Amino acid sequence: MKMQTGELLYKGKAKSIYRTEKDDELLAVFRDDITAFNGEKKDEFAGKGEYNFAASAFFFDFLEKNGVKTHYLRAVDERSMVVSKLDMIPLEVIARNRAAGSIVKKFPFKEGQILNPPVISTDYKDDERGDPPINDDLVVALCLLTPDELMNVRETTLKINRILSDFFEELGLILVDFKIEFGRKDGIIVLGDEISMDSMRLWDRETMESFDKDVYRYDKGDFMSAYARVVEKINQWKDSHME
Ligand code: ADP
Ligand code: CDP
């Protein structure tokens with residue numbers, strides 16, 4: 001099942017990153033661990049990594065076909081992908097189409113309120129500091145991005161949001177919000193990390209039921225069935241779009 005070629009470089013909360021025989025490529029392995037509330041709640045569920053891998057591999061490929069540069073190179077097995085090694089930018093870029101989660105706690109939004117135009121916000125990725133919110137001036141002052149790169153990240157995030165929102169609409173799901181991470185390769189900003197049910201909120205269009213990590217976070221039911229359902233819908237979409 002595993003195909004780990006090199007030394008373990010980094011073990012994060014849900015993925016392990018390995019060196020490969022090529023200096024500019026890494027192996028990202030999606031583990032079965034799931035965490036919430038900055039690691040305060042954690043569990044392991046056999047097969048969870050495969051669901052997030054399947055979603056991520058599909059979305060990276062889909063975004064590339066729609067003109068977004070990503071780190072995804074190829075799948076190795078059912079939970080591992082070879083990616084371009086990026087110099088990661090420690091920012092969590094969040095796009096929101098509806099109010100949910102932290103912004104409902106922090107601001108007077110109603111849960112589910114439509115946000116049009118979508119809202120982009122950014123957290124500084126630092127577990128020890130609790131991933132604090134950061135603004136554009138702070139991003140530039142910390143030399144994380146240049147003003148031009150900031151614009152590029154914003155435009156790319158909005159583009160990704162449009163592509164993914166339209167896709168999920170076809171599946172009968174609402175893309176409520178999602179988090180992405182970028183890095184640099186040869187000075188170019190590239191989408192990295194993952195795009196999965198761990199990093200987005202998805203609601204059923206009819207019932208508003210969650211199909212994402214909120215099912216785990218808030219004990220809303222069987223999150224593995226929810227993840228399985230999203231992957232099943234993606235696979236049905238793939239089957240119906242095969243040339
Ligand atoms: P976390 O670090 O939040 O616990 P993960 O378990 O997902 O998260 O670990 C994956 C780590 O690998 C993240 O820190 C992410 O920023 C980093 N990463 C993702 N894609 C790449 C890439 N292409 N090159 C280098 N690092 C990457
Ligand atoms: O998850 P929480 O409600 O604490 O934070 P949020 O800011 O409302 O999260 C917005 C979106 O980003 C949700 O889809 C989260 O799952 C995702 N996110 C993430 O994937 N990783 C983080 N460290 C923070 C948020």
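Computed from a prediction, not measured in an experiment: that's the story for all the values here. As the structure lists them, so they are numbered: ligands from 1, and atoms in each ligand from 1.
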- Any idea which of His71, Lys185, Glu92, Lys179 brings a heavy atom closest to atom 22 (C) of ligand 1? His71

- Using modelled atom types only, decide if a donor and an acceptor are shared between the side chain of Asp43 and the backbone of Ile34 within a distance under 3.5 Å. no

- Message: If I compare all heavy atoms of Tyr124 with all of Pro90, which pair ends up nearest, and what's the gap?
- Response: CD1-O, 3.4 Å

- Using a strict 4.0 Å cut-off to heavy atoms of Asp193, name the atoms of ligand 1 that fall inside it. 7 (O), 10 (C), 13 (C), 15 (C), 19 (C), 20 (N)

- Message: Show the nearest heavy-atom pair for residues Val190 and Lys185, with the distance to one decimal.
- Response: CG2-CB, 4.1 Å

- Can you find a non-hydrogen atom of Glu92 under 4.0 Å from ligand 2? yes

- Query: What atoms in ligand 2 come closer than 4.0 Å to a heavy atom of Ile94?
  - Reply: 7 (O), 10 (C)

- Query: Should you measure from each heavy atom of Ala100, which atoms of ligand 2 turn up under 4.0 Å away?
  - Reply: 8 (O)

- Query: Can you tell me if Lys125 has a non-hydrogen atom under 4.0 Å from ligand 1?
  - Reply: yes

- Run through Leu191, Asp193, Asp198 and flag the one making a side chain to side chain contact (heavy atoms under 4.5 Å, CB included) with Ile195. Leu191

- Message: Grouping I, L, V, M, F, W and Y whenever their side-chain heavy atoms are under 4.5 Å apart, do Val29 and Tyr10 come out in a common cluster?
- Response: no

- Item | N/O donor-acceptor pair under 3.5 Å between Asp32 side chain and Lys48 backbone | yes

- Message: I need the atoms of ligand 1 closer than 4.0 Å to a non-hydrogen atom of Val83, numbered in the order shown.
- Response: 23 (N)

- Item | Closest heavy-atom pair and its distance - Ala226, Ser210 | CB-O, 4.4 Å

- Logged contact type for Asp127 with ligand 1, heavy-atom cut-off 4.0 Å, is neither

- Message: Considering non-hydrogen atoms of the protein only, which is the closest contact for atom 25 (C) of ligand 1, and what is the distance?
- Response: Leu86 O, 3.4 Å

- Query: Which option out of Met200, Lys179, Met197, Glu181 puts a heavy atom nearest to atom 18 (N) of ligand 2?
  - Reply: Lys179

- Item | Minimum-distance pair of heavy atoms, taken over all atoms of Leu26 and Arg19 | CD2-CA, 4.4 Å

- Task: Return a yes/no value for Arg201: is any of its N or O atoms, backbone included, closer than 3.5 angstrom to an N or O of ligand 2?
- Result: yes

- Just let me know how Ser16 lines up against ligand 1, side chain, backbone, both or neither, with a heavy-atom cut-off below 4.0 Å. neither

- What do we get for Lys125 next to ligand 2 when only non-hydrogen atoms under 4.0 Å count, side chain, backbone, both or neither? neither

- Message: Quick check on contacts: which atoms of ligand 2 are under 4.0 angstrom from a heavy atom of Gly101?
- Response: 3 (O), 8 (O)

- Measure across Glu181 and Lys179 and return the closest heavy-atom pair with its distance rounded to 0.1 Å. OE2-NZ, 2.9 Å

- Query: Looking only at heavy atoms, is any part of Glu181 under 4.0 Å from ligand 1, and if so is it the side chain, the backbone, or both, or is it neither?
  - Reply: side chain

- Of all heavy-atom pairs linking Glu194 and Ser199, the shortest is O-OG, 4.0 Å

- Check: Arg79 side chain, Phe30 main-chain N or O, donor-acceptor pair, under 3.5 Å: yes

- Query: What part of Lys213, side chain, backbone, both or neither, has a heavy atom within less than 4.0 angstrom of ligand 2?
  - Reply: neither

- Decide whether an N or O pair under 3.5 Å exists between Ser102 and ligand 2. yes

- To the nearest 0.1 Å, how far is atom 4 (O) of ligand 1 from its closest protein heavy atom, and which atom is that? Lys13 N, 2.7 Å

- Query: Going by the order shown, which atoms of ligand 1 are within less than 4.0 Å of some heavy atom of Lys15?
  - Reply: 5 (P), 6 (O), 7 (O), 9 (O), 10 (C)

- Might you work through the side chain to side chain contact (heavy atoms under 4.5 Å, CB included) test for Phe211 and Phe168, ending with a clear yes or no? CA-CA 12 Å; Phe211 281 87; Phe168 280 115; over 6 Å; no

- Message: Go through it in stages, so that I can follow the logic: the residues are Tyr227 and Phe45, the test is ring pair (Phe, Tyr, Trp, His ring centres under 6.0 Å), and I'd like the CA-CA distance, side-chain angles, deciding distance and then a yes or no.
- Response: CA-CA 12 Å; Tyr227 281 31; Phe45 285 87; 9.6 Å; no

- Can the positive tip of Lys41 be found less than 6.0 Å from the middle of the six-membered ring of Tyr216, inside 45° of the ring normal? yes

- Query: For atom 21 (C) of ligand 1, what's the nearest protein heavy atom and its distance?
  - Reply: Met88 SD, 3.6 Å

- Does atom NZ of Lys69 have more than 12 heavy-atom neighbours, drawn from other residues, nucleotides or ligands, at distances under 6.0 Å? no

- Task: Report yes or no: does Gly183 have a heavy atom closer than 4.0 Å to ligand 1?
- Result: no

- Message: Can you list everything that forms a side chain to side chain contact (heavy atoms under 4.5 Å, CB included) with Ala100? Sequence neighbours excluded, please.
- Response: Glu111, Val176, Asp177, Arg201, Trp203

- At a non-hydrogen distance cut-off of under 4.0 Å, which region of Asp198 contacts ligand 2 (side chain, backbone, both, or neither)? backbone

- Query: Counting each atom of ligand 1 from 1 as listed, which ones have a heavy atom of Ile17 under 4.0 Å away?
  - Reply: 12 (O)

- Query: Just by distance, with hydrogens left out, do Ser56 and Asn52 show a side-chain donor and acceptor under 3.5 Å apart?
  - Reply: no

- atom 14 (O) of ligand 2: closest protein heavy atom, distance to 0.1 Å, is Asp177 OD1, 2.6 Å

- Query: Got an N/O contact under 3.5 Å between Ser84 and ligand 1?
  - Reply: yes

- Output the list of atoms in ligand 1 that are nearer than 4.0 Å to some heavy atom of Gly12, sorted by atom number. 4 (O), 5 (P), 6 (O), 9 (O)

- N or O contact, Lys105 vs ligand 2, cut-off under 3.5 Å: no

- Query: Please walk me through it: do Asn97 and Asn161 pass side chain to side chain donor-acceptor pair (under 3.5 Å)?
  - Reply: CA-CA 9 Å; Asn97 298 302; Asn161 184 42; 2.8 Å; yes

- Query: Which ligand 2 atoms are under 4.0 Å away from a heavy-atom of Arg217?
  - Reply: 1 (O), 15 (C), 16 (O)

- Message: List ligand 1 atoms under 4.0 Å from Leu26, heavy atoms only on the residue side.
- Response: 24 (N), 25 (C)

- Message: Looking only at distances, can you tell me whether any N or O atom of Gly192, backbone or side chain, sits closer than 3.5 Å to an N or O atom of ligand 1?
- Response: no

- For atom 2 (O) of ligand 1, what's the nearest protein heavy atom and its distance? Tyr10 OH, 2.6 Å

